[in-house]
Amino acid sequence: CFPFAIALSIFINIKFEVKVVNIENKRTAFDADKSEVFAKKLLTALNYGSLSLMMSIGHRTGIFDAMRALPPTTSEEVAKASGLNERYVREWLGAMVTAGVIEVDSTSTKYTLPAEHASFLTRAAGADNLAVFTQYIGLLGSVEDKIVECFKKGGGVPYDDFLRFHAVMAEDSGQSVLSSLESHVLPLVPGLTDRLAKGISVLDIGCGRGRILNRLAELYSNSQFTGIDLSVEAIGAARVDASQKHLKNVKFVVRDLSDFNETASPEMFDLITSFDAIHDQVKPLNVLKGICRALKSNGVYLMQDIRGSSHVYNNVDHPIGTFLYTISTMHCMTVSLSQGGEGLGAMWGEEKAREYLNKAGFNSIETNTLSHDIQNNWYVIRK
């Protein structure tokens with residue numbers, strides 16, 4: 001580590017002279033200021049990548065939640081409040097202090113999590129808790145070797161190789177969807193809550209651990225709910241949750257939807273939903289055609305999917321564009337490709353989403369956004 005740090009410091013602080021370099025036989029002036037700005041950007045990325053790992057640990061171990069209620073306190077007291085090993089907590093606090101996340105008093109070595117920071121780092125923050133998303137960084141890092149092999153040989157990495165992915169996704173959707181299901185999501189479709197209260201049939205595509213569907217089943221006992229997902233582990237968790245809640249109006253099915261365009265029962269459901277699920281599919285157009293086939297003529301398809309453009313040049317200023325392309329490369333795209341699928345990717349974009357929906361047979365497509373959700377578009381779709 002030490003020689004690398006010295007070399008990097010020298011590289012950043014050296015005063016470059018403007019010189020001429022040969023790039024593809026074209027003489028181009030070397031911009032020293034531009035080079036130095038880029039070097040500093042790389043250092044920032046290195047620090048922030050490390051910060052994401054530490055923030056994930058802080059979230060998973062509950063340190064942020066414990067510190068939210070604490071006055072300025074020592075590492076020993078933080079560890080005690082969190083029920084953790086002090087030596088690890090102390091080193092973690094060092095990373096948080098140098099990143100400007102946690103403050104330390106120079107005379108007493110007591111640590112404070114400012115309320116302004118806690119409002120984006122604790123479970124009490126609800127949908128604003130960005131620490132949840134940092135879990136993806138370590139999770140994706142665990143399959144880096146396999147992704148590198150895919151770069152060399154093609155193919156993909158299957159779902160089963162992503163440990164904890166469904167657990168993190170469930171927590172993610174719990175913030176972005178479940179927390180606003182009644183207040184923001186359902187009202188996107190006028191009259192939907194009244195129809196659910198009277199009793200309709202609902203299908204959720206790619207339901208994962210079923211948190212959203214089970215919540216709907218709790219709220220609307222007169223309606224019938226079906227969830228479908230490829231993951232045996234996720235469906236198992238959904239069934240356990242439904243059983244613990246004594247829900248009799250919901251069922252979960254393990255199924256590959258690649259041929260859904262042919263096997264879906266015609267006009268069976270009043271409402272079909274999918275939450276960040278279509279772009280992961282092996283054959284997304286077949287899934288959408290199946291949804292159109294299974295939806296009643298007066299039914300509604302509510303699709304949540306990644307907000308972005310199908311054209312990379314339109315995503316240059318996307319607030320989390322790099323994060324989403326990374327998720328796509330190391331999960332969404334590769335999971336589909338592992339099954340010989342299309343590998344559409346998370347950043348398929350609104351233009352292609354509309355193209356696929358039209359090809360599937362939908363004629364009415366309304367795009368909505370929610371103020372608390374910078375990651376997704378919400379489409380209200382009809383035949």
Side-chain angles (χ1 to χ4, degrees), residues 150 154-159 162 165-166 169 172-173 177 203-208 212-213 226-231 234-235 253-266 268-269 271-295 299-312 315 324-368 375-383:
C150 291
V157 181
Y159 266 120
F162 290 85
F165 198 87
H166 276 290
M169 279 293 296
D172 181 348
S173 66
V177 183
L203 172 66
D204 186 23
I205 296 293
C207 64
I212 298 168
L213 208 60
T226 302
I228 298 177
D229 200 279
L230 181 64
S231 170
I235 289 296
V253 180
V254 177
R255 181 176 175 184
D256 184 345
L257 294 169
S258 300
D259 61 351
F260 197 49
N261 57 319
E262 298 175 350
T263 59
S265 300
M268 186 174 180
F269 297 97
L271 172 67
I272 299 179
T273 60
S274 64
F275 301 97
D276 280 346
I278 299 302
H279 61 261
D280 288 341
Q281 301 298 318
V282 175
K283 297 180 180 179
L285 184 56
N286 282 2
V287 176
L288 291 173
K289 286 180 177 180
I291 291 172
C292 188
R293 177 186 172 94
L295 191 66
V300 175
Y301 171 34
L302 178 62
M303 181 178 83
Q304 176 202 32
D305 219 293
I306 298 298
R307 184 189 308 178
S309 171
S310 304
H311 309 294
V312 66
N315 295 322
L324 292 174
Y325 276 113
T326 301
I327 289 281
S328 184
T329 304
M330 300 187 73
H331 181 264
C332 306
M333 184 183 76
T334 196
V335 163
S336 175
L337 291 174
S338 73
Q339 302 172 72
E342 184 176 341
L344 192 60
M347 292 298 279
W348 63 320
E350 183 174 350
E351 297 91 338
K352 187 168 286 293
R354 285 179 169 273
E355 174 191 336
Y356 274 41
L357 287 166
N358 287 147
K359 286 181 178 179
F362 293 107
N363 297 310
S364 175
I365 305 167
E366 175 189 324
T367 305
N368 300 276
Q375 182 175 330
N376 297 290
N377 280 336
W378 294 80
Y379 300 90
V380 176
I381 305 156
R382 295 177 173 86
K383 291 184 177 180

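From a predicted model like this one, the values you see are computed outputs, not experimental measurements.
In this structure, Val287 and Ile278 approach most closely via the heavy-atom pair CG1-CD1, 3.9 Å. Minimum interatomic distance between Ala346 and Ser328 (heavy atoms only, all atoms of both residues): N-OG, 2.9 Å. Of all heavy-atom pairs between Cys207 and Ile235, the closest is SG-CD1, 3.6 Å. Closest approach of Leu324 and Arg307 over heavy atoms only: CD1-O, 4.3 Å. Taking both residues in full, the closest heavy atoms of Phe362 and Leu288 are given as CE1-O, 3.8 Å, listed atom of the first, atom of the second, then distance. Considering all non-hydrogen atoms of both residues, Arg255 and Ala264 come closest at NH2-N, 4.5 Å.
Under the 3.5 Å distance criterion, with hydrogens and angles disregarded, a donor-acceptor pair is assigned to the side chains of Ser258 and Asp256. Side-chain atoms of Ser274 and Tyr301 form a donor-acceptor pair, as typed in the model, at a separation below 3.5 Å. Checking Ser336 against Glu342 by side-chain atom types alone, no donor-acceptor pair falls below 3.5 Å.
Considering CG of Leu337 and SG of Cys150, their distance stands at 8.0 Å, rounded to 0.5 Å. Between atom OH of residue Tyr159 and atom CG of residue Asp280 there is a gap of 4.0 Å, rounded to the nearest 0.5 Å. With values rounded to the nearest 0.5 angstrom, Thr334 atom OG1 is found 12.5 Å from Ile327 atom CD1. Expressed to the nearest 0.5 Å, how far CD of Glu350 lies from CG of Asp305 amounts to 11.0 Å. Considering CD1 of Ile205 and CD1 of Ile228, their distance stands at 4.5 Å, rounded to 0.5 Å. Leu302 contributes atom CG, which lies 6.5 Å from atom CH2 of Trp378 (distance to the nearest 0.5 angstrom).
No donor-acceptor pair under 3.5 Å is formed between the side chain of Asp204 and the backbone N or O of Gly227. Here the side chain of Glu366 pairs no donor or acceptor atom with the backbone of Val380 at under 3.5 angstrom. Proximity of a side-chain donor or acceptor of Thr329 to a complementary backbone N or O of Tyr325 within less than 3.5 Å is detected. For Asn286 (side chain) and Asn261 (main-chain N/O), no donor-acceptor pair under 3.5 Å exists by modelled atom type. At least one donor-acceptor pair closer than 3.5 Å links the side chain of Lys383 to the backbone N or O of Cys292. A distance-only check finds no donor-acceptor pair linking the side chain of Ser338 to the backbone of Gly156 [under 3.5 Å].
With a 4.5 Å cut-off on side-chain heavy atoms, Arg382 and Asn363 do not count as touching. Looking only at side-chain heavy atoms (C-beta outward), Leu203 and Ile291 stay at 4.5 Å or farther from each other. Two residues are said to be in side-chain contact when any heavy atoms from C-beta on lie closer than 4.5 Å; Met333 and Leu344 fail this criterion.
Using cut-offs of 30° and 60° on the angle between ring planes, the pair His279 and Trp348 is tilted.
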